[in-house]
Amino acid sequence: MGASGSSLDILSIINQINLKKKKYQFVGYLDDNINKVSKKYKNKVLGKFKDINKFKGYYFAIGIGNEKNYKIRKGLISDLKIPTKYFPNIIHPSALINDDIEIGHGNIIHAYVTISRDVKIDNFVNILPKVTVNHDVNIKSYTIINSNTVISGDINIGENCYIGQGSNLRDHINIGDKTLIGMGSVVTKDLEGNFTYFGNPAKIKA
Ligand SMILES: CC(C)(COP(=O)(O)OP(=O)(O)OC[C@H]1O[C@@H](n2cnc3c(N)ncnc32)[C@H](O)[C@@H]1OP(=O)(O)O)[C@@H](O)C(=O)NCCC(=O)NCCS
């Protein structure tokens, strides 16, 4: 779902998985805005999101979500009305994940992500390269955690958040739903949802 940005990276993960053992066959992208798709990928676009029903029995991966549109992820995915079992967890072979992880469906875990013990990840979470998730962390659905972020232990991250690259979250804190954390932020306290924060220490963007 989506033929730019993150979706293209998801295809790279799929290719890496297939190199180990052939698991998926890539068929194409669905995208609502063909004009914004780069020429290189246009011929792989098979239709719009509403055309998902033409692909019964296929598997899907969600690549939609940036700092401008991350809040629509929940609605967009729910509107597809496709059972979550058709969204596999796509995990890069280089990710180091503790074997007690509790994980739902449709999560994308990129290269060199490290996930420690007692971590729970709901559905449709996108964890970008080199993120570190320490012990006892809960990550709710639809959240995106950008590259090189470090999540300390005992943290709850709400639904539909967007955590900017290279952020650092102190242990024992709670991040509310729909929080945007700017790149490089140092988060030292609980953050109330629905606001944008950045800086060291992270504060609400005026
Ligand atoms: C926080 C953020 C959402 C703000 O974006 P914005 O609303 O467009 O804000 P602007 O770029 O207009 O910046 C407003 C001010 O905040 C500063 N600022 C923006 N982001 C900042 C950050 N992360 N840390 C410190 N200062 C920041 C700007 O320098 C600017 O300062 P000024 O008013 O003194 O000139 C954005 O900068 C950000 O960090 N996004 C996440 C990016 C990311 O991780 N992308 C991953 C892509 S793979």
Side-chain angles (χ1 to χ4, degrees), residues 1-16 29-33 36-38 40-41 61-77 87 89-96 106-115 121 123-134 137 139-152 155-170 173-206:
M1 310 296 298
S4 57
S6 202
S7 300
L8 307 176
D9 294 335
I10 294 171
L11 184 55
S12 308
I13 304 177
I14 287 172
N15 291 337
Q16 290 299 315
Y29 301 104
L30 297 178
D31 198 294
D32 275 357
N33 200 342
K36 285 202 173 158
V37 175
S38 127
K40 185 173 169 192
Y41 302 105
I62 306 283
I64 311 291
N66 57 38
E67 70 175 55
K68 305 280 181 231
N69 70 7
Y70 71 99
K71 283 187 187 167
I72 65 162
R73 274 165 62 79
K74 182 176 182 179
L76 186 144
I77 296 167
F87 295 89
N89 292 316
I90 297 185
I91 301 177
H92 194 285
S94 67
L96 285 177
N107 299 291
I108 315 287
I109 299 183
H110 290 247
Y112 303 110
V113 167
T114 306
I115 301 183
I121 299 175
N123 299 318
F124 303 108
V125 170
N126 196 346
I127 305 185
L128 280 99
K130 295 190 181 169
V131 168
T132 301
V133 180
N134 280 295
V137 169
I139 307 173
K140 295 260 187 237
S141 299
Y142 314 107
T143 279
I144 297 175
I145 305 176
N146 282 290
S147 313
N148 282 303
T149 289
V150 179
I151 316 280
S152 311
I155 290 184
N156 295 304
I157 300 178
E159 200 176 78
N160 230 149
C161 295
Y162 186 87
I163 303 185
Q165 60 197 18
S167 295
N168 220 313
L169 276 61
R170 184 185 186 167
I173 60 171
N174 300 300
I175 308 294
D177 295 345
K178 295 186 181 165
T179 297
L180 196 170
I181 298 175
M183 56 192 172
S185 297
V186 176
V187 182
T188 56
K189 293 178 180 158
D190 290 358
L191 300 184
E192 191 185 335
N194 279 298
F195 290 102
T196 296
Y197 302 79
F198 65 73
N200 177 6
K203 296 250 182 336
I204 289 189
K205 179 174 179 279

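Both backbone and side-chain heavy atoms feed into the values below; hydrogens, waters and symmetry mates do not. First listed ligand is number 1; within each ligand, the first listed atom is number 1.
In this structure, ligand 1 sits under 4.0 Å from heavy atoms belonging to E67, N146, Y162, G164, Q165, L180, G182, M183, F198, K205.
In this structure, K71 places its NZ atom where more than 12 heavy-atom neighbours from other residues, nucleotides or ligands lie under 6.0 Å away.
K178 and E159 are not joined by a salt bridge, as no carboxylate oxygen comes within less than 4.0 angstrom of a charged side-chain nitrogen.
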Inset, instruction - Evaluate side chain to side chain donor-acceptor pair (under 3.5 Å) for N123 paired with Y142, printing each intermediate quantity in order. - result: CA-CA 6 Å; N123 299 318; Y142 314 107; over 6 Å; no

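Inter-residue side-chain proximity for P201 and T188 is flagged as met; some heavy-atom pair is nearer than 4.5 Å.
For the pair T149 (side chain) and S167 (backbone), a donor-acceptor distance under 3.5 Å is present.
Between the side chains of S6 and N126, at least one donor N or O lies within less than 3.5 Å of an accepting N or O.
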